[in-house]
Amino acid sequence: MLDIIYQISEELSLKNKQVEAAISLLDEGNTVPYIARYKKDVTGNLTDKNLRDIEDRLSYLRNLNDRKESVIKLIDEKNKLTPELKEEILNAKTLAEVEDLYRPYKEKRKTRGVIAKEKGLDQITNLIYLNKKIDDFDKFLSSFIDETKKLNTIDDVKSGVIDILSEDIGDEAKYRKYIKNYIFNHGLIESKEKKKDEKDTYGTYASFSIEIKRIKPYQYLAIARGEKEECLKMSFSYDKDVIKERIIKDFLDSNYLDIFKEAINDSLKRIILPSVENEINSEVKEKCEDKSIEVFKKNLEALLLYPPLKNKKILGLDPGFKSGCKYAYVDELSIPHDIGVVYITSGSKEKIEDGKKEIAVLIKKYNIDYIALGNGTASRESETILNDMIKEYGLTNCKIFIVNESGASVYSASKLAEKEFPELTVEKRSAISLARRIIDPLAELVKIEPKAIGVGQYQHDMNQTKLNEALKKVVEDCVNKVGVKLNTASVSLLSYVSGITSSIATNIYEYRKSNGNFKNRNELLKVKGLKEKTFKQCAGFLRIEDSDEILDNTSIHPDNYLEAKEILKETKIDVLKDSLDEKELKLAKFNENNFLKNHPDIGKETLKDIIDEIKNPGRDIRESLEIVELNNEAKTIEDLKVGMILTGTIRNIMDFGMFVDINVHQDGLVHISEISDSFIKDISSLYSVNQLVKVKVISVDVAKKRIGLSIKQAK
């Protein structure tokens with residue numbers, strides 16, 4: 001049977017010992033975040049990404065081994081298992097290979113070949129396979145004519161024989177394997193236009209052709225969507241004669257070559273090629289989905305780990321026209337206060353002035369630092385009026401920050417938002433959410449279904465189960481990397497903490513509501529359903545700032561408190577009072593090697609993490625956000641001129657380029673060819689979502705609302 005540890009090690013370029021340790025820890029029920037943070041010494045410092053890759057491959061390979069055992073047993077029960085076949089099955093690398101080997105032995109439905117065998121025509125095919133020469137073959141065939149079996153003529157008999165041979169050839173694993181490899185390596189994917197939609201969305205693919213092995217994920221997914229919407233027709237193109245000649249070669253010495261040629265033609269047309277094309281299509285789709293999911297994961301991680309805007313007072317403003325602009329003042333602790341509506345983009349001049357005055361009063365009253373303005377409908381109009389208001393009322397200490405609204409409406413209309421703010425309208429909830437998105441992006445964005453955040457490509461055309469699972473893991477890893485404030489965290493945030501289920505997250509929230517803030521981590525064990533095993537997985541990721549145990553506001557695990565306190569005692573460090581320089585000075589005299597010798601239960605990596613936390617207790621791995629104003633002169637797409645140099649914010653990264661917000665309501669595209677003169681394999685290795693970039697406008701299509709941008713030409 002397949003050596004799973006060895007195969008994963010080879011695939012992921014990891015040591016056998018690392019993979020073996022990781023698998024053992026996963027099998028014990030430990031979570032990936034827990035292993036990545038607290039078992040570095042056991043795994044050889046594997047990252048959460050390493051562990052996720054191991055977890056995924058482990059699941060696939062175990063399923064593969066289970067299927068091999070099942071197939072071997074099923075074939076053996078039919079007394080058709082040979083040592084050679086068993087060896088082939090055991091050596092198969094994919095589930096598809098196993099299924100191809102099992103195909104000839106499956107219980108078949110009433111196919112034409114099966115019906116022909118029921119009529120006794122397999123007596124003829126058996127002789128053909130034995131290559132027995134029959135002098136008068138037609139006369140021999142005529143002996144099988146039987147009107148009761150609907151074999152009225154020699155042609156009927158011959159057709160039945162070809163049906164059997166055709167299906168036998170179609171079941172031959174070696175032919176399917178050869179054909180699949182040939183089509184994949186030499187074939188083309190083509191798309192033709194069936195009908196044009198109003199926006200000519202699929203114009204690029206109206207007459208398109210590319211090698212199957214070279215197709216990009218965005219190309220395939222676009223064609224697939226176009227076909228689904230009946231705008232395009234996708235097909236494979238390859239030389240069928242080459243395939244046919246390859247199979248015929250195996251029958252050149254047969255006395256029945258002509259019959260085999262007919263059977264091969266029929267098998268290819270009716271059985272093999274449609275089936276293999278479907279398999280290739282599925283495999284290409286899966287590969288493209290997997291690559292697109294990887295892009296989505298990187299974008300999502302960058303967005304979730306975007307630095308928070310700490311200790312600032314924010315006015316969230318959801319812009320609109322007829323329904324007005326909804327606002328909400330949110331304090332440094334993310335608690336909303338004044339909530340209302342102003343009409344600054346529509347209505348009479350008097351109404352607009354009243355709206356400006358109302359916002360100005362709020363800014364002065366609460367000493368608001370930033371207006372978090374959504375980038376949706378009426379955003380640019382609102383920004384212009386707010387800038388006028390800031391100048392008019394002398395509020396220059398208050399700045400405007402444009403916030404990406406993606407997914408805000410999803411949250412605002414959700415049951416979660418309804419439960420959090422039952423008395424508020426959807427739009428007012430959205431204003432609160434926009435403010436919170438810059439106070440703590442992670443805490444707010446976890447309330448939204450990840451695929452609704454808007455940093456992927458063709459996410460609605462993918463396998464939704466696989467996409468949701470992949471993105472959920474990204475959120476989980478990000479939440480646990482940052483850590484969670486136990487006494488202020490929402491149920492949504494708590495449910496992503498290592499080991500905590502949604503029901504336990506609810507129980508933690510309810511316990512906090514009934515009993516007040518948690519005084520220490522050990523109090524978690526009083527929460528309904530939270531047992532020792534869960535405590536071990538989650539405790540290190542939950543922070544308590546005002547705990548009666550000072551180490552509870554660090555990522556040091558309770559299992560290592562004794563060692564941490566021993567270090568503090570030996571070095572005479574005061575965690576809260578000593579400055580970082582003072583701690584460094586005291587730790588310089590600390591002998592790590594002696595400590596490790598006297599504490600064999602902890603390793604070098606664990607000790608390093610403990611010391612890092614002593615130096616910076618409660619540290620947020622995200623840096624505090626520094627606001628950089630774009631101040632682009634252009635406010636609408638009509639204002640843009642080719643040649644303009646502007647500053648923009650990356651909103652989405654795809655494998656073909658990046659979409660950049662340049663403050664004109666419509667994001668511009670920086671195609672991958674306009675990023676650099678050098679070859680770029682992975683854009684996300686150079687840029688991340690929310691990063692500021694300087695761009696040059698290279699094309700503007702107002703009618704189609706398309707903006708072409710270049711980074712390399714802006715340098």
Which atom pairs, one a donor and one an acceptor, fall under 3.5 Å between side chains of residues 688-695 and the rest of the protein, sequence neighbours left out?
residue	atom	partner	partner atom	Å
N690	OD1	R651	NH1	3.3
Q691	OE1	S688	N	3.1

Show the nearest heavy-atom pair for residues [X] and [Y], with the distance to one decimal.
X	Y	value
R622	L305	CG-O, 3.5 Å
T31	G499	CG2-N, 3.6 Å
T488	R512	N-NH1, 3.6 Å
I54	A22	CD1-CB, 3.9 Å
L471	K451	CD1-N, 3.8 Å

Looking at [X] and [Y], would you say the former's side chain and the latter's main chain have a donor-acceptor pair under 3.5 Å?
X	Y	value
R437	V403	no
N616	R619	no
K586	K572	yes

Q) Of all residues at least two apart in sequence or in a different chain, which pass the salt bridge (charged side-chain N to carboxylate O under 4.0 Å, His left out) check with D581? A)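 Testing D581 for salt bridge (charged side-chain N to carboxylate O under 4.0 Å, His left out), a comparison that skips the adjacent residues, returns none.
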Q) Can you list the residues that meet the salt bridge (charged side-chain N to carboxylate O under 4.0 Å, His left out) rule with E11, with sequence neighbours excluded? A)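 In terms of salt bridge (charged side-chain N to carboxylate O under 4.0 Å, His left out), with neighbours along the sequence ignored, E11 is linked to R57.
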Close side-chain approach of [X] to [Y], heavy-atom, < 4.5 Å:
X	Y	result
V32	L26	yes
I293	N463	no
L373	P319	yes
N30	Q537	yes
L486	L494	yes
K615	L587	yes

Q) Stepwise, does the salt bridge (Lys or Arg N to Asp or Glu O under 4.0 Å) test hold for R521 with E549? A) CA-CA 8 Å; R521 281 171 169 167; E549 167 55 73; over 6 Å; no
Suppose we screen for ring-ring contact (aromatic ring centres under 6.0 Å, His included). Which residues come up paired with [X], at least two apart in sequence or across chains?
X	result
Y34	Y38, H557
F656	Y218
F518	Y511
Y60	none

Pairing residues for [X] by the side chain to side chain donor-acceptor pair (under 3.5 Å) criterion, not counting sequence neighbours:
X	value
S495	none
N515	none
S292	Q457

Q: Begin from the C-alpha positions of D318 and E405 and carry the test side-chain contact (heavy atoms from CB on, under 4.5 Å) through to its verdict.
A: CA-CA 9 Å; D318 183 9; E405 286 186 3; 3.5 Å; yes
Would you mind writing out the side-chain donor-acceptor pairs for residues 473-481 within the sub-3.5 Å range, not counting sequence neighbours?
residue	atom	partner	partner atom	Å
K473	NZ	D56	OD1	3.1
D477	OD1	R52	NE	3.4
D477	OD1	R52	NH2	2.8
D477	OD2	R52	NE	3.1
N480	OD1	S498	N	2.9
N480	ND2	E476	O	2.7
N480	ND2	Y496	O	3.1
K481	NZ	D48	OD2	3.2
K481	NZ	E301	OE2	3.0

(Q) Do the side chains of K291 and D655 get close enough for a salt bridge, i.e. N-O under 4.0 angstrom? (A)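 No, no charged N to carboxylate O under 4.0 Å.
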Q.
What I want to find out is whether K536 reaches E28 closely enough, with some N-O distance under 4.0 Å, to be called a salt bridge.
A.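 Salt bridge between K536 and E28, a charged N being under 4.0 Å from a carboxylate O: no.
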Q | Heavy atoms of other groups near K583 NZ, more than 12 under 6.0 Å | A |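 It does: K583 NZ has more than 12 such atoms within range.
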Q. Of all residues at least two apart in sequence or in a different chain, which pass the side chain to side chain contact (heavy atoms under 4.5 Å, CB included) check with S492?
A.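 S492 satisfies side chain to side chain contact (heavy atoms under 4.5 Å, CB included) with L416, V446, K447, S490 only.
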(Q) Do T47 and N50 pair up side chain to side chain, a donor and an acceptor below 3.5 Å, judged on atom types alone? (A)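 Yes, a side-chain donor-acceptor pair sits under 3.5 Å.
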